[in-house]
Amino acid sequence: MLRIEDTDLERSTSAAIQQILDGLEWAELIHDEGPFYQTKRFDRYREVIEEMLATGNAYRCYCSKEELERMRADQSARGEKPRYDGRWRERTDAVPGVAPVVRFKNPLTGEVVVDDVVHGPVVFQNSELDDLIIARSDGTPTYNFCVVVDDMDMQITHVIRGDDHLNNTPRQLNMLLALGATPPVYAHLPMILGADGAKLSKRHGAVSVLDYRDQGFLPEALLNYLVRLGWSHGDQEIFTMEEMVKLFDIRDVNKSASAFNPEKLAWLNQQHMVRAPAARVAPVLRWHLEREGVQASDEAQLEQIVIAQRERAKTVREMALNSVFFFRAPTAFDEKAVRKHVTSEVPALLAEAASVLARLESWNAPAIHEAISAVAAAKGIALGKLAQPIRLAVCGGTISPPIDATLAILGKTEALSRLTRAHSLWNA
RNA sequence: GCUCCCUUCGUCUAGAGGCCUAGGACACGGCCCUCUCAAGGCUGUAACACGGGUUCGAAUCCCGUAGGGAGCGCCA
């Protein structure tokens with residue numbers, strides 16, 4: 001069930017909400033019900049507030065913001081926890097001209113126990129809890145109240161969230177109890193910190209899940225990385241989506257926070273790229289190539305590229321960047337590499353290789369490999385002495401998949417044309 | 001400050017009182033493989049925060065201490 005908690009009208013812009021929807025869709029986290037927007041349920045919240053006012057579970061408070069600020073400042077000065085002191089709890093008089101807020105009347109004594117699935121029972125003294133605002137002076141309900149009404153109305157069975165919410169839970173529990181609802185099961189997951197141990201924030205890189213898409217991560221890899229934070233299944237590191245669903249159990253989750261490790265995410269992403277069928281990665285590669293201004297329409301060729309490149313790229317974006325040369329002939333050659341590999345005998349070697357390759361009837365990697373090896377053997381040189389100049393000629397640099405696979409993907413016509421061009425360039 | 005939570009290699013984790021000479025993974029180093037870059041194989045460095053208990057025996061249970069985190073909003 002997807003619920004959009006958008007009661008903060010300032011922050012919940014339609015762009016922000018769309019980003020959530022798009023992010024979930026990309027991650028293949030598909031909801032069965034909803035989305036339900038809290039902003040569309042204000043009538044219901046108002047109804048419950050009236051009910052609580054009538055039953056004495058809530059009351060109006062006419063304190064001004066300044067008065068509350070003073071109260072908190074005084075308490076802090078005395079070394080106390082800043083909180084509302086309940087001064088309007090038993091008052092029924094109104095302050096003319098002042099729009100009141102509505103506060104929940106939290107029990108004064110006793111304790112609340114949050115029986116948390118990951119933390120075990122956590123005990124809070126009611127005396128530590130103050131009367132939180134459930135309706136602002138403009139009448140709009142607040143988050144901590146809306147979730148309580150929603151959890152009740154929508155018959156939510158499990159509330160699983162970050163443990164920064166653990167401290168909110170006793171108040172929500174008290175409200176649920178006051179409303180006569182059956183509380184859901186709570187599970188508070190450990191937080192994820194940045195690689196530096198500080199709270200994860202914008203300066204750690206990604207702002208939304210879609211940033212991971214843009215950086216070239218596969219959703220299953222991201223989810224795999226995330227699921228292993230605070231959870232494990234023996235020594236297994238790599239999980240398919242199906243395995244995650246099957247093996248994950250909230251009861252096995254650890255309590256301590258973890259630091260986000262981009263290197264491990266990258267490693268996992270590569271593992272997923274290597275294990276996934278090429279047909280799974282090809283469309284993603286196409287998407288990233290398009291972002292680089294390359295139109296790739298041949299699906300079979302894309303799959304060949306995926307197979308040739310997936311072991312030498314951590315992300316699909318990196319794979320795309322490494323593969324642009326398949327679609328655009330090099331406009332310049334790596335100068336250092338040219339100095340190193342293009343010796344005086346190279347033009348003749350290239351000419352010989354080109355003519356042998358030109359005579360090949362079937363253009364595939366094994367045949368190409370055989371042809372090039374034969375040329376090298378005939379000339380009495382190591383394969384590398386020939387492969388590197390060819391590589392340089394067709395990709396402009398010294399990094400590519402094995403030379404036979406590279407030429408095979410390039411196609412006979414394009415490969416020979418690039419060889420010929422480099423030959424005439426270096427022959428001069 | 002108060003309340004709550006947490007604490008095993010740099011990082012993610014295994015570990016339910018003897019299987020621990022603390023295992024796996026990422027990263028890092030070495031070796032192998034090799035037409036480049038990788039990937040892969042083998043291998044190495046590296047941790048039970050500290051102090052007290054309980055016990056024949058503690059990474060594991062208890063109590064302190066220290067450190068870290070969260071909350072304390074007319075934010076969510």
Side-chain angles (χ1 to χ4, degrees), chain A residues 5-8 10-12 38 61 63-65 68-69 72 75-84 99-103 114 116 118-119 122-125 127-130 132-144 146-147 161-171 188 190-191 193 195 197-199 225 228-238 254-268 270-271 274 309-314 322 337 341 369 372-373 376 382-392 395 397-404 406:
Chain A
E5 299 178 340
D6 55 349
T7 53
D8 184 344
E10 299 218 342
R11 275 205 280 173
S12 287
Q38 290 186 324
C61 165
C63 287
S64 66
K65 289 183 185 181
L68 293 171
E69 248 166 65
R72 283 192 277 260
Q75 287 160 333
S76 291
R78 275 180 270 133
E80 293 167 16
K81 178 201 284 197
R83 67 219 292 224
Y84 178 68
V101 298
V102 179
R103 287 180 185 273
V114 179
D116 192 88
V118 342
H119 288 275
V122 182
V123 182
F124 294 87
Q125 296 303 318
S127 54
E128 290 294 334
L129 274 21
D130 65 359
L132 78 159
I133 292 173
I134 61 177
R136 303 179 180 95
S137 49
D138 66 3
T140 58
T142 58
Y143 163 80
N144 270 300
C146 294
V147 295
R161 47 164 45 154
D163 66 15
D164 49 337
H165 281 282
L166 189 50
N167 284 299
N168 285 330
T169 310
R171 305 164 191 280
H188 286 91
M191 308 277 293
L193 279 10
K199 192 174 170 181
Y225 178 71
R228 279 283 288 97
L229 256 26
W231 176 85
S232 65
H233 179 72
D235 286 339
Q236 187 171 346
E237 295 287 351
I238 297 153
N254 294 151
K255 301 172 186 179
S256 53
S258 43
F260 192 92
N261 186 335
E263 272 104 35
K264 186 150 185 183
L265 203 214
W267 174 79
L268 266 174
Q270 182 172 49
Q271 294 299 316
V274 168
Q309 293 282 45
R310 60 191 176 187
E311 277 161 8
R312 56 206 97 234
K314 298 284 193 194
N322 292 346
H341 298 289
H369 182 82
I372 294 177
S373 296
L383 184 55
K385 293 282 185 208
L386 178 56
Q388 277 303 74
I390 295 178
R391 175 169 282 118
L392 203 44
C395 2
T398 55
I399 300 174
S400 88
I403 200 64
D404 50 0
T406 302

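Order of the sequence lines fixes the chain letters, A, B, ..., with proteins taken first and strands second; residue numbering starts at 1 for each chain.
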Student: Using both distances under 3.5 Å as the test, list the Watson-Crick or G-U wobble partner of B:A49, or none.
Tutor: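 Across all strands, the one nucleotide that pairs with B:A49 is B:U65.
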Student: Quick one: does A:R83 reach the base of B:C72 with a side-chain donor-acceptor pair under 3.5 Å?
Tutor: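 Per atom types, no contact qualifies.
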Student: Classify A:V101 by what it touches in the nucleic acid, base, sugar-phosphate, or nothing, heavy-atom distance under 4.0 Å.
Tutor: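 The answer is base, as A:V101 lies within the cut-off (heavy atoms under 4.0 Å) of a base atom.
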Student: Rounded to the nearest angstrom, tell me the gap between atom CG in A:L229 and atom P in B:C26.
Tutor: 16 Å
Student: Scan A:E5 against the nucleic acid and name what it touches under 4.0 Å (heavy atoms): base, sugar-phosphate only, or nothing.
Tutor: sugar-phosphate
Student: Distance only, no hydrogens: is a donor on one side chain within 3.5 Å (strictly under) of an acceptor on the other, for A:T142 and A:N144?
Tutor: no
Student: Round to a whole Å and report the spacing from CE of A:M191 to P of B:C5.
Tutor: 16 Å
Student: Can you tell me if A:Q388 and A:R391 form a side-chain donor-acceptor pair at under 3.5 Å?
Tutor: yes
Student: Using the P atom as the reference point in each nucleotide, state the distance between B:C63 and B:C5 in Å, no decimals.
Tutor: 12 Å
Student: Could you tell me how far B:C74 sits from B:G69 if I compare only their P atoms? Round to whole Å.
Tutor: 25 Å
Student: If you only use heavy atoms from C-beta on, which nucleotide in B:C4, B:A76, B:C72 is closest to the side chain of A:N168?
Tutor: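 It is B:A76.
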Student: Distances under 3.5 Å between protein N/O atoms and the N/O atoms of nucleotides 40-44 of chain B, please, pair by pair.
Tutor:
{"residue": "B:G40", "atom": "OP1", "partner": "A:Q271", "partner atom": "NE2", "Å": "3.1"}

Student: To check you understand the geometry: which heavy-atom pair defines the closest contact between A:G162 and A:H188, and what is its length?
Tutor: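 Shortest heavy-atom contact: O-CD2, 3.4 Å.
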Student: On a whole-Å scale, what distance lies between the P atoms belonging to B:C48 and B:C33?
Tutor: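 It works out to 38 Å between them.
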Student: With the side chain of A:E263 defined as its heavy atoms from C-beta on, choose the nearest nucleotide among B:C26, B:G24, B:C74.
Tutor: B:C26
Student: Are A:S258 and A:R228 linked by a side-chain donor-acceptor pair shorter than 3.5 Å?
Tutor: no
Student: Quick check: on RNA chain B, is the nucleotide nearest A:S76 upstream (toward 5') of the one nearest A:N167, or the reverse? Name the residue that is more 5'.
Tutor: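 Checking each residue's closest nucleotide, the 5'-ward one belongs to A:S76.
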Student: Rounded to whole Å, please give me the gap between NE2 in A:H369 and C1' in B:C35.
Tutor: 9 Å
Student: Given B:C12, B:C72, B:C35, which nucleotide is nearest the side-chain atoms of A:R171?
Tutor: B:C72
Student: For the residue pair A:T140 and A:D138, what are the closest heavy atoms and their distance?
Tutor: OG1-OD1, 2.7 Å
Student: Can you tell me the pairing partner of B:G17 across any strand shown, Watson-Crick or G-U wobble, with both distances under 3.5 angstrom?
Tutor: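 Here B:G17 is not engaged in any pair, so there is no nucleotide opposite it.
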Student: Compare the minimum distances between each of B:U36, B:G73, B:A76 and the side chain of A:I133, then state the nucleotide with the smallest one.
Tutor: B:G73
Student: Please report the distance, rounded to the nearest Å, between CG in A:L193 and P in B:C12.
Tutor: 9 Å
Student: Rounded to whole angstrom, note down the C1' distance from B:U11 over to B:A27.
Tutor: 8 Å
Student: Between P on B:G71 and CG on A:N144, what's the gap in Å once rounded to a whole number?
Tutor: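 Going from A:N144 (CG) to B:G71 (P), I get 12 Å.
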Student: Any base atoms under 4.0 Å from A:S137, or only sugar-phosphate, or nothing? Heavy atoms, all strands.
Tutor: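 Touches a base.
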Student: I'd like to know if the side chain of A:N254 reaches the main chain of A:S256, judged simply by a donor and an acceptor atom lying under 3.5 Å from each other, with no hydrogens or angles considered.
Tutor: no
Student: Checking contacts here: which listed nucleotide (B:A14, B:G1, B:C12) is nearest the side-chain heavy atoms of A:K264?
Tutor: B:C12
Student: What closest approach, in Å, do A:Q236 and A:I238 show between heavy atoms, and which atom pair accounts for it?
Tutor: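 Closest pair (atom of A:Q236, atom of A:I238, distance): NE2-O, 2.8 Å.
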Student: Is A:R78 touching bases, backbone alone, or none of the nucleic acid, heavy atoms closer than 4.0 Å?
Tutor: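 Here A:R78 touches no strand at all.
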Student: For a quick check of understanding: with a heavy-atom distance under 4.0 Å over all strands, which category does A:P190 fall into, base, sugar-phosphate or nothing?
Tutor: nothing
Student: Can you tell which of B:A76, B:A38, B:G24 lies closest to the side chain of A:D235?
Tutor: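 The nucleotide sitting nearest to the side chain is B:G24.
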Student: Roughly how many Å apart are B:A14 and B:C9, using the P atom of each and rounding to a whole number?
Tutor: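 Roughly 13 Å separates the two P atoms.
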Student: How far apart are the closest heavy atoms of A:T398 and A:A337, and which atoms are they?
Tutor: CG2-CB, 3.4 Å
Student: Let's see if you can work this out: which of B:C4, B:C37, B:U36 has an atom nearest to the side-chain heavy atoms of A:F124?
Tutor: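 Among B:C4, B:C37, B:U36, the one nearest the side chain of A:F124 is B:C4.
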Student: Assign each of A:V118 and A:R72 to its nearest nucleotide of RNA chain B by heavy atoms, then name whichever residue's nucleotide is nearer the 5' end.
Tutor: A:V118
Student: Does A:K65 reach a base, just sugar-phosphate, or nothing at all? Heavy atoms under 4.0 Å.
Tutor: base
Student: Counting the atoms with a prime plus P, OP1 and OP2 as sugar-phosphate, which does A:D404 contact under 4.0 Å by heavy atoms, base, sugar-phosphate, or nothing?
Tutor: base
Student: Can you list the residues that meet the side-chain hydrogen bond (donor to acceptor under 3.5 Å, both in side chains) rule with A:T406, with sequence neighbours excluded?
Tutor: A:S400
Student: With a 4.5 Å heavy-atom cut-off, do A:K314 and A:L265 have their side chains touching?
Tutor: no
Student: Take atom P in B:G73 and the same atom in B:U54, then report the distance between them in whole Å.
Tutor: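 Those two atoms are separated by 44 Å.
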Student: From C-beta outward on A:N254, which listed nucleotide comes closest to its side chain: B:G1, B:A14, B:C74?
Tutor: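 Output: B:A14.
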Student: To the side chain of A:K81, which of B:G1, B:C35, B:C4 is closest?
Tutor: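 From the listed options, B:G1 comes nearest.
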Student: Write down the partner of B:C26 under the Watson-Crick or G-U wobble criteria, each distance required to be under 3.5 Å.
Tutor: B:G10
Student: Does B:C31 pair with anything, Watson-Crick or G-U wobble, both distances under 3.5 Å, and if so, with which nucleotide?
Tutor: B:G41
Student: Tell me whether A:H165 is stacked on the nucleobase of B:A76, counting only the six-membered base ring and applying the 5.5 Å and 30° thresholds.
Tutor: yes
Student: Using the P atom in both, what is the distance from B:G44 to B:A22, to the nearest Å?
Tutor: 14 Å
Student: Atom CG of A:L132 to atom P of B:C74: distance rounded to whole Å?
Tutor: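 Whole-Å distance recorded here is 9 Å.
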Student: Tell me what A:T7 touches on the nucleic acid: a base, only sugar-phosphate, or nothing, going by heavy atoms under 4.0 Å.
Tutor: sugar-phosphate
Student: For B:A70, what is the paired nucleotide under Watson-Crick or G-U wobble rules, both distances under 3.5 Å?
Tutor: B:U3
Student: Heavy atoms under 4.0 Å, any strand shown: does A:S258 hit a base, just sugar-phosphate, or nothing?
Tutor: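 Touches sugar-phosphate only.
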Student: Rounded to the nearest Å, what distance is computed from the CD atom of residue A:E128 to the C1' atom of nucleotide B:C72?
Tutor: 10 Å
Student: Rounded to whole angstrom units, what separation is found between the CG atom of A:L166 and the C1' atom of B:G71?
Tutor: 9 Å
Student: Quick check for you: among B:U7, B:U11, B:C5, whose closest atom lies nearest to any side-chain atom of A:N261?
Tutor: B:U11
Student: Where does the angle between the aromatic ring planes of A:Y225 and A:F260 fall among parallel (under 30°), tilted (30 to 60°) and perpendicular (over 60°)?
Tutor: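 Judged by the thresholds at 30° and 60°, the geometry between A:Y225 and A:F260 is perpendicular.
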Student: Sticking with atom P, work out how far B:G29 lies from B:C37, rounded to a whole angstrom.
Tutor: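 So the two P atoms sit 15 Å from each other.
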Student: Can you tell if the side chain of A:D404 reaches within under 4.5 Å of the side chain of A:I372, non-hydrogen atoms only?
Tutor: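 A:D404 vs A:I372: side chains apart.
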Student: Need one value for A:C63: base, sugar-phosphate or nothing, where a base atom within 4.0 Å counts as base even if backbone is also close, heavy atoms only.
Tutor: base
